[in-house]
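Worksheet: the structure to be examined is printed underneath.
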Amino acid sequence: MIEMKNVSKWYGNFQVLTDCTTDIKKGEVVVVCGPSGSGKSTLIKTINALEPFQKGEITVDGIAVHDPKTNLPKLRSRVGMVFQHFELFPHLSVTENLTLAQIKVLGRSPSDALAHGLKYLDRVGLSAQKDKFPGQLSGGQQQRVAIARALSMDPIVMLFDEPTSALDPEMVGEVLDVMVQLAHEGMTMMCVTHEMGFARKVSNRVIFMDQGKIVEDCPKDDFFNKPEERSPRAKDFLSKILAH
Amino acid sequence: MIEMKNVSKWYGNFQVLTDCTTDIKKGEVVVVCGPSGSGKSTLIKTINALEPFQKGEITVDGIAVHDPKTNLPKLRSRVGMVFQHFELFPHLSVTENLTLAQIKVLGRSPSDALAHGLKYLDRVGLSAQKDKFPGQLSGGQQQRVAIARALSMDPIVMLFDEPTSALDPEMVGEVLDVMVQLAHEGMTMMCVTHEMGFARKVSNRVIFMDQGKIVEDCPKDDFFNKPEERSPRAKDFLSKILAH
Amino acid sequence: MSWNWEVFCKSTLEEDFSPVCFGTGGEITYLDWMLSAWGWTLSVSALGLFVAMILGVLMGTLRTLPPDNLMTRALALLGTVWVELFRNIPVLVQVFLWYHVIPALFPVMKGFPSFVLVSLALGFFTSARIAEQVRAGIGSLPRGQRYAALAVGLTTTQSYRYVILPMALRIVIPPLTSESMNIIKNSSVAFAVSVAELTLFAMQAQEETSRGIEIYLGVTALYVVSALSVNRVMAFIESRTRVPGFIAAASSGGH
Amino acid sequence: DTLAKIKSSSAVTMGVRESSGALSYTVGDGKFAGYHVEICQRVLGDVQKQLKLNKLDIKYQAVTSQNRLPLVANGTVDIECGSTTNNATRQKDVAFAVTTYVEEVRIAVKANSGITSLNQLAGKKVATTTGTTSVQLLRKHERAANVNFDEVFGKDHADSFLLLESGRADAFVMDGSILAGNIANAKNPADFKIVGEVIAVEPIAIMIRKDDPAFKKSVDDSIKKMMKDGTLAKLWDKWFLQPIPPKGNKVGLALSASTKDAWANPNDKPAEDYAKK
Amino acid sequence: MNIDLSFYSWELIRSYVLSGLVFSIQLTVIATVGGIFFGTLLALMRLSGNKWLEIPAATYVNTMRSIPLVMVILWFFLLMPAILGKPIGAELSAIITFVAFEAAFFCEIMRSGIQSIPRGQIHAGQAMGMTYSQNMRLIILPQAFRNMIPVLLTQTIILFQDTSLVYAIGAYDMLKGFEVAGKNFGRPIETYLAAAVIYFLICFSLSRLVRVLQQRVAIIR
Ligand SMILES: Nc1ncnc2c1ncn2[C@@H]1O[C@H](COP(=O)(O)OP(=O)(O)OP(=O)(O)O)[C@@H](O)[C@H]1O
Ligand SMILES: Nc1ncnc2c1ncn2[C@@H]1O[C@H](COP(=O)(O)OP(=O)(O)OP(=O)(O)O)[C@@H](O)[C@H]1O
Ligand SMILES: [Mg+2]
Ligand SMILES: [Mg+2]
């Protein structure tokens, strides 16, 4: 589904990504973790070309992201993305948030788009909030709407960038529940997250990044249960975030 | 050490605190938790009168906070406080942050203040950073400097308002370690935090707040181990934040 | 159209030209005149800016005082009234007020040179706008900074002196830069009350020589040079006071 | 050329002043009046007849000392009926109709000041208006007589007069008609008087575009006709001796010998020629 | 000299000041609408990332911002007829000047408005497959406009005050109306005072209005 080969990226002289290579198959759930500033967000945003990269190749469902001739808006409309700070459009109501891109990008009729959007809104348990504005919802509710918004484009893969780290602790659960359910339904997912509980429960593979490099890329069980095979940096990181 | 009796506070018509009553004895470590917006930060800030309150009484070490004749700066100088967003003074170097109040408020000589400040900086393991500016430190380091700053005023009690919730997950540990050590040394502490591990390890009592009221105020062991005695709201909250 | 830059070398008295473009023996060329006009523009602006900075920082700070007691509330109100009064009257009208109306009410002020009156008018007008910038700068500091200063035992005055103002003033340097540039531009209204500055020169000289384009170009160039120099000076101040590791953002507007 | 333009558009733009004494001023509401304004209205009436237009739309454009020249030169204004001195420098950019009014530059002072001549003004504050020839005139006089005035500038004549009125200046040096007009309009006209020698004599004329002999001829002919048939004398009486709107004040400026002379021998000589005499 | 306000009358205001006020308002409204329109275009040019659009826009804006408005007014008045090839009056010249001049200021306001939209919002729009222009039109500009309304209106108040500078070319604005009245009636000092009061009342009420609006349109985040 997603193939990434030797992707490198620089901001000026500063190299954010160094030769990142990985592969995500249909139906796989991959968790990306690593210290702050290690390039996780940048990596995940190269997949739908929100962050351009200078070297390497990425193909999504056979389409070459790095090819200047690729129709990026079209590609992006097939890749769902959920952000750390939700990024709902604050000037639009929940339903408008759900339908805007369906209408303007996919060309669906407003009524189709609405029906479609409400279906997903129901799935994240927020039908009752459909006429509210984002500012009137709690963080957990906003993030669930954001997931519904991404899903209503019928994406072939979903990217999550720390979807729970801006939430109050009591709201983390409700968002993770939606993500777990999604994984169980077979959605291909790539999640940047530090929620190791989630990684343990549903992920197939864990990628560990440090200083712009993919340091570990291994099956979940190996990652958590074979510390002796892990790099010192990954061991240290794991011990720190699992300690308290 | 701290006595709080029927403290109520309003913002306009909105009541943030309702009849809050509690007592903190010398050497006690009390953890305050509860959902977002329940008034935890407001409660802890009433203790050193950063938030004025309209009804009720608070005495700290025998001094009445609510008395308009009380010399509030003097009282505050004896109460250490650590904030969620560190609140180091960004235009002052680490040493200047540590010595400013000692010199201006306690009237210590600059050299005394420096010696004193560096002692605590060493205790939080940051002697090497003494000439840096806050913006050049990681979040965890900033928070440790903030703790050293509070300690160098030789406070009789320390207040913490979610000291770890603005930190990257891997830095939470280093700050908690400092706090645990402080607790073991017998410092009187009141901490707003959701780190239940910390509460389990070092607290004597847990206060649970909801909608401006103190709903639970009981010994740590009861709080965690006797769910049957807890209010439904507290049980629900605990289950949510312990779930993932 | 043909250029005639010689016009600057022309004597303001006779129909003749100075070979060095500067007047000799008491004679004055248009170039001499323009440079002296530039001097007036800069002097009016400098004095006005001095007044504006002091009053602006003071009034802006007053407006942010916490409503602790009657005293702080009264001071905050003073700041508000000040700002509303001086920013809601056009600067040109304020210049006339200072020049014509106030001396009519207080005859002592008739003795003041118009240079001083105009500088006061510009200074007061600009102080209201600087006050708004300073207030916004203080407001943009996290509320926790004020809490933190009080929590270590600093008094309100001390917390402004050591914590809030040092940061707020750094943050407002960019908007203060544009206000400083504005005061140079606004000083052009001084010509309305007989200060022989650049705009008065432009109007009189173009009348006498009929070479409007050349005269205007010269004057415009001097305005631009002045504004850019102020900009450079402020950039220098900004870089000298920059806090390592601190990134700030503030907005600006106005003329 | 202007005649063709007027003919094709049936419109003409008249430059007028907001406060040039009785020569040209506004009476509020976008209306203008005065000696020169009325002359121009009559001239344009003749032009209309000459062009056989049944309608001529006169647009009034307020101009100032600073902008009247470029406005005429660049075509914004077709005929300027204000208080413009006809001098050699200006003749490089514009043309003038025959002189309709000869101005004497004089000094206005407070009646009780005791000042009676220019030489008493050394070291005193002398007001004049930015963008007028009087500024240069004073400067030249300072140099010639080796005295020093403390000059203050008003942005227009009324402003300059205000400087005198409020005591910021000891004298106001300007065209006599303007002085008279401003005094007439003052709160207490008796407080002021016009004194001293005639500092300069200047022909004041209606200004038109340069290099348009046909238009100049029409304007000149019309004015010359008015000079001959006594219309100008009547207009003088109307604007300078009788009460005028809006307040019904009298300017009280008697017809000067030099103006009479100009009417008798119509000419468009620049100020420089007058100075030589 | 003592102040005498007795000669003020409705008649005086009507015949001298009113037409000036109408022109001041006209000028303000046209310059605001035109300035926002061209200012937004300039802002989009400056943010386009294309050198050929950025540099001319930036040059234009920075030049306009470093020249006094009076000089710009004089410049346009002198040059406009030459550029257009036909004469224009002081009023029209003032309108063109103000639109051109204000565009530079509105450009900077819009630019900071657009930049104040969090990067995440731009990414979110792009991630849903929107093109650059869809993203601008549907996501960024609506939010930027809403955030900027108070600043835009404050700029409009400044603009209204600046209309008093058209005296330099003899256009008849409100201040001019007061001046002429004062001169014709020999009461210049009183009329300056009256002008100050009227300007204050207008600008102060407008700034209150801005406050109210600000609270109304604020997007809840
Ligand atoms: N626009 C930019 N210009 C320059 N450097 C940047 C920019 N954006 C990010 N960086 C740098 O690139 C590096 C990787 O950033 P990225 O946001 O991908 O990290 P991350 O692993 O997602 O961190 P976090 O856990 O804090 O979200 C960081 O060092 C960051 O400072
Ligand atoms: N300045 C203020 N004006 C009006 N309401 C306020 C103000 N500050 C706080 N509140 C309200 O008071 C309530 C309690 O706020 P407080 O910050 O004490 O909650 P908290 O328990 O600390 O929440 P959190 O976990 O989000 O920090 C909230 O509903 C908040 O919206
Ligand atoms: Mg990230
Ligand atoms: Mg809180």
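Chain A is the first sequence line, chain B the second, and so forth, proteins listed ahead of strands; every chain is numbered from 1. Just so it is clear, the structure is predicted and the values come from calculations on it, not from any experiment.
Rounding to the nearest 0.5 Å places CG of A:L92 at 6.0 Å from CD1 of E:I139. A distance of 8.5 Å separates CG of A:N48 from CD of E:Q126, quoted to the nearest 0.5 Å. Here the OG1-NZ distance, from E:T131 to A:K74, works out to 14.5 Å after rounding to the nearest 0.5 Å. For the atom pair E:M130 CE and A:L72 CG, the distance stands at 15.5 Å (nearest 0.5 Å).
Considering all non-hydrogen atoms of both residues, E:A124 and A:F89 come closest at CB-CE2, 4.0 Å. Pairing each heavy atom of A:F83 with each of E:A127, the nearest pair is CZ-CB, 4.1 Å.
Only the side chain of E:Q134 comes within less than 4.5 Å of a heavy atom in chain A; its backbone stays farther off. Proximity to chain A (any heavy atom under 4.5 Å) is restricted, for E:R119, to the side chain, taken from C-beta onward.
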Checklist line | side-chain contact (heavy atoms from CB on, under 4.5 Å) between E:M128 and A:K104, intermediate numbers included | finding: CA-CA 10 Å; E:M128 318 262 318; A:K104 301 288 175 187; over 6 Å; no
Margin query: side-chain contact (heavy atoms from CB on, under 4.5 Å) for E:H123 and A:E51? Distances and angles first, verdict last.
Written below: CA-CA 9 Å; E:H123 275 168; A:E51 296 282 4; 4.0 Å; yes
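Crowding of E:F37 atom CZ: a count of heavy atoms from other residues, nucleotides or ligands under 6.0 Å not exceeding 12. Residue E:F38 places its CZ atom among 12 or fewer non-hydrogen atoms of other residues, nucleotides or ligands, all under 6.0 Å distant. Enclosure of atom CZ in E:R208 by more than 12 non-hydrogen atoms of other residues, nucleotides or ligands within 6.0 angstrom is indicated.
In terms of heavy-atom pairs under 4.5 Å with chain E, the best-connected choice from A:Q102, A:R78, A:K45, A:Q84 is A:K45.
Within the 3.5 Å criterion, the main-chain N or O of E:L138 finds a donor-acceptor partner in the side chain of A:H91.
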